[in-house]
Structures are given as structure tokens and as C-alpha cells.
Amino acid sequence: MPPVSHTPADQFDEATLVVRAQEGDARAFEALVVRHRAALYRLAVRITGDPAEAEDALQESLLDAWRRIGRFRGESSFATWMYRVVSNRCIAMLRQHRPMPVERLDDVRAAPDSPERSAELDAELAALGAALRGLGDELRVCWVLRELEGLGYAEIARITGAGEDAVRGRIHRARVRLAEVMRPWR
Amino acid sequence: MTGPTDPAVRLHVEAPAVASVAAHRARLVPGVVALRPGGVGATVQGGAAEVALTLVTRLGHNCRDLAVAVQREVTNEIADVTGLAAVVTVTIADVLTD
Amino acid sequence: MAVNETTGTAGPDDGGSDDGGAPELLPCGRDAATVWDRAEAGVPPDEHERDCPYCTATAADAMRLDAVVHRMAAAPVEPPPAVLERAMDKVRGALARDLREHELLTLASPLGPVRLSRAAAATVLRDAVDRMGDVRARSCQVEQNEQIDAGTTVAMTVSALYGVDMRAVAARVRRMVIAAGTQALGLPVGAVDVTVVDVFGEGDA
């Protein structure tokens, strides 16, 4: 075969990569997930609150996705579908592993290198992290997708499989609870 | 493909030994990139062995020719080393294209 | 769009606010999430919101949380460098473990059974077609007849470079698949069905 240069797998369009992955091409699958790697890991860290747990969840999610990609019908984008796989896996892992470590979310962030105000800001952030972990899984996932990932209600509904109204309700209840817990900070 | 040359010695070769010989020889065949973990199996019954190898190759080696070469080399090696007549099943699990 | 699959974990529907599937309404009737979103986005309160204690309280909560939530959202979360590689190792391991009989093709050998992963064969055939430059292989289904010598049937869908003659493309794809089947796989291909399902190069990458 002549060594003509051709499109590397990571530059193919999503539809092509999805079909190839569905037919068992692991490289096409890798090319798909590599595009979303950072976002998927970030989502897992935000839902689980723990980097080690997030890494486990991401690995298991990719296996889940690989095994189920034949059932991906393209009603949503691949990214939305992956978000769904990751959040489901995170929730499943959290249910297995409760109670969770409580101080770990701070590990994700850079240590503060300046005086009291920075320490206070850091403590406030940690308090928010702790409050977040105190929420139920459904509330937390919806809140994370909305407030940290910046997604719209319709997309959150597709990811969580809940109705859009239920998503609005969950997000508001999460917000109110977080606001209550954080009241002493302002 | 003769039995033990010294009639006073009765040689028994167990399956794991046959599997090791097969794996070792298969890796030396040009075009074999790797054997799959857990992709080597062997059974021994009487003077015959059955070997199953699952391997990965790369583009540039004709898959069928490669598999036949592996069968030939592994069969010969097992006969030379153990005296067993082996039937080798080859499964090509992946072909690297990059 | 409509993907409705309940998670099955919602609590009993006691008519209370715990996930009956309804949006949360403030006592004044406004949708709480919307009031919050508007405050968070810095939209000035409308006439109702200015005078309504419920809307005012909601907006105040939103403003109070806004800064710390934004800091949390802005905090970089970098994946460990090898996180994907480790995961892909598992995927490849699963790929090898999950190889089942129906996912294998048979290659002719005088010395014993030889099987080839159907997915690997498809990857090789797609790769050969990709190398043509003006075609990209998408689906590749390889079906073997009971009689190995009767040749294999390959059904391929492709996208073609915008502007090329699709009939000529199909003929070249067919030749390429037959050649790759023989030369790279050792698998005689009897029939090739080519379907052009898309075009590329018209503005996209």
C-alpha cells in the first residue's frame, strides 16, 4: 500500500468515529474520548469531590461507554451522552463507597500562598465543597452541571434522564440549601 | 517427532510448559507485535498437544501468512523441544495500523 | 431531544417539594430557578421582583453565593497525565477478553484453525480506503459465507470529498477493499457494497 498521507483518526468527524467505535474500533473510541477527557475528568471530580475516586469513576465510565456505545443512537451529542455515562457511574460509585472522605476536595486546588484573606477565601471554598457533598446525589449532579459546568436545563435533563421541570426544581433546592449553609460566610 | 531417545526415561510435559514454549516461539515470528495477556492456552493429552494463541500484529504483514508462519514455527518448536505433536490455533485479535 | 428515562430514585410522591418532577415556584408564583438565574446573570429586577419579598430573598441568596460559586467553577481541574491511557488499557483488555466466536472470521490455513477479529479486519479495510485521500470509510461490515472459498462480502459506507465523481469513487473503493483483503488480510473478498452516506471538504475539516 502506498504511504499516501491520510486523515489521522483524531481528525475525523464525530459521526465517523462513533460508527467505527460501535463496530469495535478501539482507536476511534479513543479519538472520541480524548476530545472530552479534561471535561469528563473535571465532571467526575466535581460530582465525587475526590480526585482518586474521580479517576476510578472515569476509567469505569470509559469501559461503560465502550460496552454501551452500540446503543448510542445519536439523539444527543456524544459529549452529552458521555456526561450521562460519567454522572451515572459517579453516582453508582458514591452509593457503594459512602461515607466519603470529607476533606479531599481541597486537594484539587492549589494551596493558598498568601495571607488571611486568601486563607479565608480558601476556607469559604472548602465550606462550599463540604456543603455540596452534603447534598443528595441527584441535587448535587444537577447543581454541578448547571453552576459549575454552565449547561442549560434542557441538556441537564438529557444527561440526568429527568424531566426539565424536575431539573429546575432540583437545582433550586440545591441552591437554597447551599445558600443556607453558606450564610455565615457573608 | 520421535519420543524420548533414551527408553529408560519417560518424559511427561505438562500444559504450562507447552504454553511457555509456544509463547516464546510465537513472539519471535516477524510481524507478531504481542501476545494478548491470557492469550496463550495449551492442553496435553497422550502424545498430542493443542495450543491456542491470541496475538496482535501490525499492518504490513499478511494476516493469514503470519498466522500460518506462527502455526508452522510453533508446531516445529514444540516437536523439537517436547516431542509432542501440536495443533496450533491462531487468533489475530488486532492489527495495528499506525 | 426527548430522552425521558427516570432515574428510579425519586422519593415517594407525597405532594411535597422533594422531586415530584415539578419546578420550584416561589409563593408569589414565579419560577425560583429563573429568578435565581436572572439575579446571577446581573439582570436588574423587574417591577414585581423589586417589591416581592420572595424574589428579593432569592436574588439576595443568589448574589451571596455568586462569588464563591464562580471561584469554584473557575478553579482548574487538570486530569492526571496518564488518566486516559490507563483507561484505554482497560478498554483494550476488555476488547481482547470480549472476543467471541461470532466476532471472528476464519482464514484459510492448512495447519489448523486461524481466526481474525472482525473488528480488526474492518479497521484494516477502512484504513486502506482512508489512504485514498478523497474518501473516508465509516461503517465496514465483513460477512463471511459458510464456504470460505466463496469469498467474503464487505459492506462499506463512506463519505466522499465534495465534488468527486461518486461512481468512480465507489469503483475505486471496491478495488481497494479487494486488494487490501488479499494483500493485508489474506481474506478473499467476493463482493463489495459501497454506499456514499456523506460528503466532506465543503468548508469542514
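Sequence lines set the chain letters: A, B, ... in the order given, protein chains first and strands last, and positions in each chain run from 1.
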*With a 4.5 angstrom heavy-atom cut-off, which part of Ile171(A) approaches chain C: side chain, backbone, both or neither?*
neither

*Can Thr34(C) and Arg168(A) be counted as having a side-chain donor-acceptor contact under 3.5 angstrom?*
yes

_Closer than 4.0 angstrom, basic N to acidic O: yes or no for Arg138(C) and Glu14(A)?_
no

_Ionic contact status for Asp130(C) with Arg20(A), cut-off 4.0 Å_ = yes

*Pick from Ser159(C), Ala120(C), Ala137(C), Ala60(C): which one has the most heavy-atom pairs with chain A under 4.5 Å?*
Ala137(C)

*With a 4.5 angstrom heavy-atom cut-off, could you sort out which part of Trp143(A) is near chain C: side chain, backbone, both or neither?*
side chain

*With a 4.5 angstrom heavy-atom cut-off, could you sort out which part of Glu60(A) is near chain C: side chain, backbone, both or neither?*
side chain

*If you count heavy-atom pairs under 4.5 Å between each of Asp13(A), Val18(A), Thr80(A) and chain C, which one has the most?*
Asp13(A)

*With only heavy atoms counted, which part of Ala62(C) is less than 4.5 Å from chain A, the side chain, the backbone, both or neither?*
neither

*May I ask you to decide if Asp50(A)'s main-chain N or O and Thr48(A)'s side chain share a donor-acceptor pair within less than 3.5 Å?*
yes

*Examine whether an atom of Asp89(C) lies under 4.5 Å from a heavy atom of chain A, and if so say whether it belongs to the side chain, the backbone or both; otherwise answer neither.*
neither

*Pairs of heavy atoms under 4.5 Å with chain A: top-ranked of Ser117(C), Pro79(C), Pro80(C)*: Pro79(C)

*Measuring heavy-atom distances to chain A, does Glu40(C) have an atom under 4.5 Å in its side chain, in its backbone, in both, or in neither?*
side chain

*salt_bridge(Glu143(C), Arg118(C)) N-O dist < 4.0 Å*: yes

*Is the closest side-chain donor-acceptor distance between Asp198(C) and Tyr162(C) under 3.5 Å?*
no

_Options Arg42(A), Gln59(A), Arg175(A), ranked by heavy-atom pairs under 4.5 Å with chain C, top entry_ = Arg175(A)

*With a cut-off of 6.0 Å (strictly less than), are more than 12 heavy atoms of other residues, nucleotides or ligands near CZ of Phe72(A)?*
yes

